[in-house]
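Each remark here refers to the structure printed beneath this line.
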Amino acid sequence: MSAPTTGAAPGPSEGAAPKGAKGSKGSDVGSLARGGALNIAGAGISAVTQLVVVAVITNAFSQDEAGILFAATSVFLLFGAISELGTQTSLVYFIARYRSLDRKEWIGPLVRLALRPMLLFSALLGVALFVAAPWVAEAMIRGDSGDGVTYLRVLAVFLPVMNLSAGSLAATQGFRRMRPAVLIENIGRPLLQLAAVGAVAVAGASGLIAVAWVGPYLPAAVLAVLAMLAMVRRTAPADGAGADVPPDLGRRFWGYALPRGLAGITQILLQRMDILLVASMLGARDAAIYTAASRLRVVGQLANQAISQAVQPQLSEVLAHDDRRSANTLYQTATSWLMLANWPLFLLAVMFAEPLLRLFGEGYRDGVSVIVVLAVAMLLRAGTGMVEVVLMMAGKTTWNLANIVLALGVNVCVSVLLIPHIGIMGAALGNGAALLARNVIPLLQLKMKLSLHPFGRGSLASAALAGVCFGAVPLAVRLTAGDGLAELVAAAAVGTVGYVAGLYLLRRPLRLDEAARSILRRGRPHS
């Protein structure tokens, strides 16, 4: 197979590594383990922090106030995806690719070529959202939109700031440097956001909640840019001369990025459309309940993002050299680790949905069925692995775009048909159907066209271990003792003990022994 297509065919100078280039290193499970472990730790902190932020908002403010804020932040993230122009995944793809092909001198011009148009477009779209805020607020909330206009205008100001931070951190990930994204985006910004939201909640100042939620993006952007510039400067030609940049570099980049940008818009619609549909069709109160019930879905998305950030540059490198065997090893290993991270939480959510909802205060019990439906969908999603990431790192951004558009259509059709009849449960079923379509279709594409699949000894071992420890054990506890908070804690404790023992016994098929050795070697001082 030739170099993966990106929507614009690569030039001959990119299609093969020049003499002296590094070439493919094959599947590096140790590097995946180091980056993945760091990212999972950061994602765990981010997930818990985000859950606490939502719990603080739902407990401190009325359901109407919370629902309006959640709808406004969904609009903000949608506008962010539109103005991002596909630069984030594209920077990871091209920086990793050019490092592998020993074309490092192209990286600096590439970053400038990507970030400048994105920042300009983000600023223009932010102005548009600021001006159109009254009409957007009226459309997004059925009934009284409260402080929706104020929330939207505050968020609009930070649109280019958010995208600058995300784009800069994506560039650092292309260098296989996971620490900046983990420390800035997964730990620093969420903790600062929690502190700011908590202070506003204590003061009872609902009018400032949008400032508290979005303000931490500013220091995050400053730190992200500094980290990115430090790495890019190392790729500049040593003699200080200008880089010999191919004239079609922009065509290559935007030929890959624009389909990815459209897919990113559709992807954020998939993630937030259910909240917007509930808010516009049922009102702010139902939007608050649905948002709270669907927060566990964010944990799964963060775990997926954590592992995919570590595996993306490696997949881009090995597929640049058509090393499908190494790509399949990375894909299967990442899938088994994703299942290990996700399945325990979602199996527990299926068994103990009601006590989990108590985190968000009284009046949120109507979301029990939503938790169950979305937890089952996320179990299936984790079982197929990061199928979309593999497709994109193989250069198939147009395929990915078509898949996500189809999934969005499924989501909207099912939700619009069911929400008027069964309320927020209809939105959950629509989202679950979309997740199924979004994963099964690319799974078939990878198998038929690239001979890649996520199933192996590792995924089977992960499913069996999680199923016993966090499926069978909690079910037995629920049937014999009940489904309260104490029973949830007991089931989780017993399951965790068995899980740790099982991880040790199954360390070889799960490749945890190899990962542990790599992490320990990396941590030892050099002689």
Side-chain angles (χ1 to χ4, degrees), residues 45-46 48-80 122-123 125-141 143-166 184-224 272 275-276 279 283-285 287-292 295 298 359-364:
I45 295 172
S46 180
V48 171
T49 305
Q50 289 193 34
L51 284 173
V52 175
V53 166
V54 173
V56 169
I57 293 171
T58 56
N59 282 279
F61 303 106
S62 70
Q63 288 181 326
D64 285 338
E65 289 172 328
I68 292 168
L69 175 67
F70 296 147
T73 55
S74 295
V75 170
F76 170 69
L77 293 174
L78 172 59
F79 272 65
S122 297
L125 210 58
V127 171
L129 178 57
F130 189 96
V131 172
W135 296 279
V136 175
E138 183 178 354
M140 77 180 185
I141 296 292
D144 184 11
S145 61
D147 290 326
V149 173
T150 301
Y151 294 163
L152 287 171
R153 284 179 167 165
V154 168
L155 296 170
V157 172
F158 284 84
L159 197 61
V161 176
M162 178 184 70
N163 278 340
L164 177 60
S165 176
I184 296 170
E185 179 62 20
N186 289 349
I187 297 177
R189 186 186 62 78
L191 289 176
L192 185 57
Q193 185 182 63
L194 175 59
V197 168
V200 169
V202 170
S206 61
L208 296 175
I209 190 66
V211 177
W213 188 89
V214 78
Y217 278 104
L218 182 57
V222 172
L223 294 174
R272 295 283 174 162
I275 298 173
L276 293 173
R285 177 184 176 277
I289 296 173
Y290 184 85
T291 302
R295 284 308 81 192
V298 174
L359 292 170
F360 304 105
E362 296 298 326
Y364 286 86

Requested in this report: For residues Val75 and Met140, determine if any side-chain heavy atom of one lies less than 4.5 Å from a side-chain heavy atom of the other.
Outcome: yes
Mind listing the side-chain donor-acceptor pairs of residues 193-203 below 3.5 Å, one per line with the distance, residues two or more places apart or on another chain?
residue: Gln193; atom: NE2; partner: Trp213; partner atom: O; Å: 2.7

Report summary line: Correct closest heavy-atom pair for Pro134 and Val131 would be CD-O, 3.5 Å
Query raised in the report: Stepwise, does the side-chain contact (heavy atoms from CB on, under 4.5 Å) test hold for Leu129 with Leu125?
Result: CA-CA 6 Å; Leu129 178 57; Leu125 210 58; over 6 Å; no
Requested in this report: Please round to the nearest 0.5 Å and tell me the distance separating atom CG of Leu208 and atom OH of Tyr151.
Outcome: 9.0 Å
Query raised in the report: Ile68 versus Glu65: any side-chain heavy-atom pair under 4.5 Å?
Result: no
Query raised in the report: Taking atom OG of Ser122 and atom CG of Leu159, what is their separation to the nearest 0.5 Å?
Result: 5.5 Å
Query raised in the report: Between Ile289 and Phe360, does a side-chain contact (heavy atoms from CB on, under 4.5 Å) hold up when you go through it step by step?
Result: CA-CA 9 Å; Ile289 296 173; Phe360 304 105; over 6 Å; no
Requested in this report: Return the minimal non-hydrogen interatomic distance between Pro219 and Leu192, and the atom names on each side.
Outcome: CG-CD2, 3.8 Å
Query raised in the report: In a check of side chain to side chain contact (heavy atoms under 4.5 Å, CB included) between Met162 and each of Leu77, Leu155, Leu218, which one passes?
Result: Leu77
Query raised in the report: Of the non-hydrogen atoms in Ser165 and Ala224, which two are nearest, and what is the gap between them?
Result: O-CB, 3.8 Å
Report task. Would you sort out whether Ile45 and Asn186 count as a side-chain contact (heavy atoms from CB on, under 4.5 Å), showing the intermediate values? Result -> CA-CA 7 Å; Ile45 295 172; Asn186 289 349; over 6 Å; no
Query raised in the report: Any donor and acceptor pair, going by atom type alone, linking the side chain of Asp64 with main-chain N or O of Gly283 inside 3.5 Å?
Result: no
Query raised in the report: So how far is it from Leu276 CG to Leu78 CG, rounded to the nearest 0.5 Å?
Result: 7.0 Å
Report summary line: Rounding to 0.5 Å, atoms OG1 (Thr58) and OH (Tyr364) come to a distance of 4.5 Å
Query - With sequence neighbours excluded, residues passing side chain to side chain donor-acceptor pair (under 3.5 Å) with Tyr290 - result: Asp274
Query raised in the report: Closest approach of Glu185 and Pro190, non-hydrogen atoms and distance?
Result: O-CD, 3.1 Å
**Report entry** Closest approach of Val161 to Tyr217 (non-hydrogen atoms, all atoms of both residues)
**Finding:** CG1-O, 3.4 Å
Query raised in the report: What is the distance from atom OG of Ser46 to atom CZ of Arg189, rounded to the nearest 0.5 Å?
Result: 6.5 Å
Requested in this report: With the side chain counted from C-beta on, respond yes when Phe61 and Leu69 share a heavy-atom pair under 4.5 Å apart, and no when they do not.
Outcome: no
Query raised in the report: What is the minimum heavy-atom distance between Ala156 and Phe130, and which atoms define it?
Result: CB-N, 3.8 Å
Report summary line: Distance col, row Phe76:CZ vs Leu152:CG, nearest 0.5 angstrom, shows 10.5 Å
